[in-house]
Amino acid sequence: MLVFLFWLSLAVVLFTYVGYALVVWVWAKLARGTKKAVAAGGFEPEVTLVVPAYNEADILDEKVRNCLALDYPAEKLHLMFITDGSNDHSGAVLAKYPEVQHLHSPERAGKSMAENRAIRYVKTPYVIFTDCNTLLNPEAARQLVRHYADPRVGAVSGEKRVLRDGSTSGAGEGLYWKYESFLKQCDSDIYSLMGAAGELVSFRTDLFKPLEADTILDDFVQSMRIVDNGYRVIYEPQAYAMEPPSFSLKEEMKRKVRICAGGWQSMARLLPLLNPLRQPVVAFLYFSHRVLRWSLTPALLLLLLPLNAALAVSHGGIYTVLLVLQGLFYGAAALGWYQASRGKAAGPLLVPLYFTMMNVAVFQGAARFFRNSQPAAWDKAQRAPVA
């Protein structure tokens, strides 16, 4: 029984982080050959760009100028900034721009509630949400909305690009997003993206449904409910949001714990997506890409250590070798954390360090969720200043 559990656990772990990538890579290559390319031009509907901004006065000028510089007809692109709960001078900054519609409420109820309120003022058929601390490429709006010429598309997500600053947190986050972007593109090519990124995401306005006030991963839940309703969510890497990395590994860990708590909350609210009789392709992609990472696989990683130790004692051989490899991997992660905490680059230790951080964050996030101690308005992880 121990042997069976060990190899089953190892197989699930390997599938989650390696096997799934190989499966969807091949599947996506086959799917691309059967799809027609979407035309780049000729479809320029009116669209509203919404920017939630909590106490972001110091960067609002740059963000507004970036939005105004988008390559899209000015008369068709409506800018809306929402500053609920902000107590800095955001209003004074936005007042300098008559092109911007500014919504403000003194109460800070969280990003989901701010977006719920903002959508009531959107009069265009399409809406784009983007974070205030990101900069968009000039073609972002055009590249997103062109996909809505296909009536089956309900949402389009852009790509997140982490700006490099030489730090370990920046290198780890950047490496992770390269891997994640690869999976997103494959999922999208097969059928649909399994969850949009809030840094840059667009929706058909009439498909946007108000979220629960305590929703943590607003972008993920909103886009997956659109998938649940039978629409596709497309990944568009030619529309991207550039964001500085977390200020430190501690801040990056705070961000990961928040995401993992949101992952557990999302799984609880998106149970119908796991029914293979409704949408079998969606059920497979969602379970393999998201659910395994947020639940079963981290638990199996933890279980592998005692199982491996017991088998090394009783059987030796390959189990001893694998136990030594596990020890070296987690030792490398600990050494990488030690290096990074002293301001030194993690170098080749980056992969075991970031991998271990992600899985530790799952347990901390789960604890937050099951204690029901995840506030709707989380403290933002600090981002590094990037010139």
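The model shown is predicted, which means the values in this text are computed figures rather than measured ones.
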- request: Evaluate side-chain contact (heavy atoms from CB on, under 4.5 Å) for Met253 paired with Lys250, printing each intermediate quantity in order.
  value: CA-CA 5 Å; Met253 192 65 179; Lys250 182 179 179 180; 5.7 Å; no
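In summary, the side chains of Arg146 and Gln143 do present a donor paired with an acceptor at a separation below 3.5 Å, with no hydrogens or angles considered. One side chain, Glu46 or His78, offers a donor N or O that lies under 3.5 Å from an acceptor on the other.
Scanning for side chain to side chain donor-acceptor pair (under 3.5 Å) contacts around Glu44 gives Arg142, with sequence neighbours left out. In this view, Glu75 and Pro73 satisfy the side-chain contact (heavy atoms from CB on, under 4.5 Å) rule, not counting sequence neighbours.
Annotation: ring-ring contact (aromatic ring centres under 6.0 Å, His included) contacts involving residues 94-137, sequence neighbours excluded, comprise Tyr126-Tyr148, Phe129-Phe208. Among pairs with a residue in residues 209-234, those fulfilling ring-ring contact (aromatic ring centres under 6.0 Å, His included) read Phe220-Trp294, at least two apart in sequence or across chains. Residue pairs meeting the side-chain hydrogen bond (donor to acceptor under 3.5 Å, both in side chains) criterion with at least one member in residues 15-25, sequence neighbours excluded: Thr16-Thr297, Tyr17-Asn359, Tyr20-Asp187. Evaluation of the salt bridge (Lys or Arg N to Asp or Glu O under 4.0 Å) test over residues 84-95, restricted to residues two or more places apart or in two chains, returns Asp84-Arg117.
Taking the charged nitrogens against the carboxylate oxygens, Lys254 and Glu251 do have a contact shorter than 4.0 Å, which makes a salt bridge. Between Lys160 and Asp131 there is no salt bridge, since no side-chain N of the basic residue sits under 4.0 Å from a carboxylate O of the acidic one.
At least one donor-acceptor pair closer than 3.5 Å links the side chain of Thr205 to the backbone N or O of Pro125. Judged purely by atom type and a 3.5 angstrom limit, Asn275 has no side-chain atom pairing as donor or acceptor with the backbone of Ala283.
Asn133 pairs with exactly one of Glu243, Glu56, Lys63 by the side-chain hydrogen bond (donor to acceptor under 3.5 Å, both in side chains) rule, that one being Glu243.
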